Amino acid sequence: MTLVPSHIETLKPYVPGKPIEEVQRELGLEEVVKLASNENPLGPSPLGLEAARRAVEEVHLYPDGASYYLKGRLAEFLGVEPAEIVIGNGSNEIIDYLIRTFLTPEDEAIVSPGSFIVYQLGCQAHGVPMKKVPLKERTFDLEAIAAAVSPRTKMIFVANPNNPTGTWVERRAFEAFLDAVPERVLIVWDEAYFEYVEEPEYPNALAYRARHPGLIVTRTFSKIYGLAGLRCGYAVLSAQLADYVDRVREPFNVNSVAQAAARAALDDTEHVARSRQVNAEGLAHLGRALPELGVRVTPSVANFVLADFDRPGTEIFEALLREGVIVRPMAGYGFPQSARITVGTPEMNARLIEALGRVLRR
Ligand SMILES: *Cc1c(COP(=O)(O)O)cnc(C)c1O
């Protein structure tokens, strides 16, 4: 008897970074450093945390289903209309909503293996066929993607910067891509790490919405704002598209604590600036120290690096776990000899480098 359709039968669940408590419990370790999920090593935005504490007092009430105040503040912050914003329980949820709202099994989405796996999982979960366009030198190949568009293509997924490679596409390539992709095709442009990037030629996709009406930009409070555990992300898209997504959205998808914290975190320019600074220094540190250990690193503009070893990434992952350092093996993303390492505080980075030195000398 088949209980589920074949696309569900063959679906592999998302494997998250290993939680700190799990490693402590399983290995009997006390001091564990997690550099596995690109979380902010400085912790949550203090302003966000303060707002969250106040909001907890009111959790007997349902949240504002329309996220009115968060949308209003975001609209002001981003220079868009509130009607052009959708708030989600993490941007992961928004990706799922976009697929559910706009795609059917008769359509086709373009994804790139070696990018965020959630795009593929979401499409498969909804029975949406995918065309797969490989990365080129670990970066999105926008020319090949544009050339792969067929009459069935309805949605394209791109992460800029890309996770797990940390690479990015420049303004000129982005502009050419927007012009090459037909207007009827929706482009989901994922900027989860937008706030970390300091490259002058890195495009802010929000500035290009008039150039392609189907451009959908997603961002999150999980990374630089340090609110991953509260689950809050957003998309900026045309009011018409937003209205369709809103019909699919669950009535109370974003909890009241997350709404309050996210709104306050937007004003926390100090925390954001400090996070960006600590990350830039950490990226430089890892960029020097990892190659000294014989580890190859893909140049990254995000808050993590993809590190290549001369043995399976899972071996490195397991050995580092026993040293009390959690990283992320990347075989599932098509990088069997790699691990993704989140940039930590100077102390966490030093701990990683020491532990990795011991592991590699064995
Ligand atoms: C971390 C990440 C997200 C954010 O996910 P949330 O659901 O908002 O926590 C989205 N896209 C990419 C590429 C990411 O790496």
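Whatever order the structure lists ligands and atoms in, that order sets their numbers, starting from 1. Computed from a prediction, not measured in an experiment: that's the story for all the values here.
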A.B. asks: Using the ring of each side chain (for Trp, its six-membered ring), is W189 parallel, tilted or perpendicular to F174, with breaks at 30° and 60°?
C.D. replies: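 The rings of W189 and F174 sit tilted, inter-plane angle from 30° to 60°.
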A.B. asks: Give the atoms of ligand 1, by number and element, whose distance to some non-hydrogen atom of N163 is under 4.0 Å.
C.D. replies: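 Once the distances to N163 are compared, the set is 13 (C), 14 (C), 15 (O).
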A.B. asks: Decide side-chain hydrogen bond (donor to acceptor under 3.5 Å, both in side chains) for T10 and Q124; before the verdict, give the C-alpha distance in whole Å, the side-chain angles of both, and the deciding distance to 0.1 Å.
C.D. replies: CA-CA 9 Å; T10 54; Q124 188 177 339; 3.0 Å; yes
A.B. asks: For atom 14 (C) of ligand 1, what is the closest protein heavy atom, and at what distance to 0.1 Å?
C.D. replies: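 It is K223 NZ, 3.2 Å.
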A.B. asks: Does ligand 1 come near enough to T220 that some N or O of the ligand is less than 3.5 Å from an N or O of the residue?
C.D. replies: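 Yes, at least one N or O pair falls under 3.5 Å.
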A.B. asks: Judged by atom type as modelled, is there a donor-acceptor pair below 3.5 Å linking the side chain of D308 to the main-chain atoms of S338?
C.D. replies: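 It does not hold such a pair.
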A.B. asks: Aromatic contact between F157 and F116, with the criterion being ring centroids under 6.0 Å apart: yes or no?
C.D. replies: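 So the answer is no for these two rings.
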A.B. asks: Considering the heavy atoms of R231, write down every atom of ligand 1 situated less than 4.0 Å from one of them.
C.D. replies: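 By the 4.0 Å cutoff, the relevant atoms are 6 (P), 7 (O), 9 (O).
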A.B. asks: Tell me, which protein residue and heavy-atom name are nearest atom 11 (N) of ligand 1, and how many Å apart are they?
C.D. replies: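 Protein heavy atom at minimum distance: D190 OD2, 2.6 Å.
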A.B. asks: Identify, by atom number and element, the atoms of ligand 1 in contact range of G90, meaning under 4.0 Å from any of its heavy atoms.
C.D. replies: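 Numbered from 1, ligand 1 contributes 6 (P), 7 (O), 8 (O).
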A.B. asks: Examine distances only and state if a side-chain atom of Y333 and a backbone atom of N163 form a donor-acceptor pair shorter than 3.5 Å.
C.D. replies: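 Not a single qualifying donor-acceptor pair exists.
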A.B. asks: Only heavy atoms of S222, strictly under 4.0 Å: list the atoms of ligand 1 that pass.
C.D. replies: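 The atoms of ligand 1 under 4.0 Å from a heavy atom of S222 are 6 (P), 8 (O), 9 (O).
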A.B. asks: Does Y193, backbone or side chain, put an N or O under 3.5 Å from an N or O of ligand 1?
C.D. replies: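 Indeed, backbone or side chain, Y193 has an N or O that close.
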A.B. asks: Could an N or O of ligand 1 be found under 3.5 Å from any N or O of N89, whether backbone or side chain?
C.D. replies: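 No - when backbone and side-chain N and O of N89 are compared with those of ligand 1, no distance drops under 3.5 Å.
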A.B. asks: Less than 4.0 Å between a side-chain N and a carboxylate O, is that true for E50 and R54?
C.D. replies: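 Salt bridge between R54 and E50, a charged N being under 4.0 Å from a carboxylate O: yes.
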A.B. asks: Do NZ/NE/NH1/NH2 and the carboxylate oxygens of K18 and E26 come within less than 4.0 Å?
C.D. replies: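 Here K18 pairs with E26 in a salt bridge, since their nearest N and O are under 4.0 Å apart.
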A.B. asks: Do F140 and F177 have their ring centres less than 6.0 Å from each other?
C.D. replies: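 No; F177 has its ring centre 6.0 Å or more from that of F140.
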A.B. asks: With heavy atoms under 4.0 Å as the rule, classify the contact between E93 and ligand 1 as side chain, backbone, both or neither.
C.D. replies: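 It is neither part, as no heavy atom is under 4.0 Å.
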A.B. asks: Using a strict cut-off of less than 4.0 Å between a Lys/Arg side-chain nitrogen and an Asp/Glu carboxylate oxygen, indicate whether R249 and E93 qualify as a salt bridge.
C.D. replies: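 So R249 does not pair with E93 through a salt bridge.
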A.B. asks: Can you find an N or O of N92 that's nearer than 3.5 Å to an N or O of ligand 1?
C.D. replies: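 In this structure, N92 places an N or O atom under 3.5 Å from an N or O of ligand 1.
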A.B. asks: Where is the nearest protein heavy atom to atom 4 (C) of ligand 1: which residue, which atom, and how far?
C.D. replies: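 Ranking protein heavy atoms by distance from atom 4 (C) of ligand 1, first comes S91 OG, 3.2 Å.
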A.B. asks: Which ligand 1 atoms are under 4.0 Å away from a heavy-atom of A192?
C.D. replies: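 It comes down to these atoms of ligand 1: 2 (C), 3 (C), 10 (C), 11 (N), 12 (C), 14 (C).
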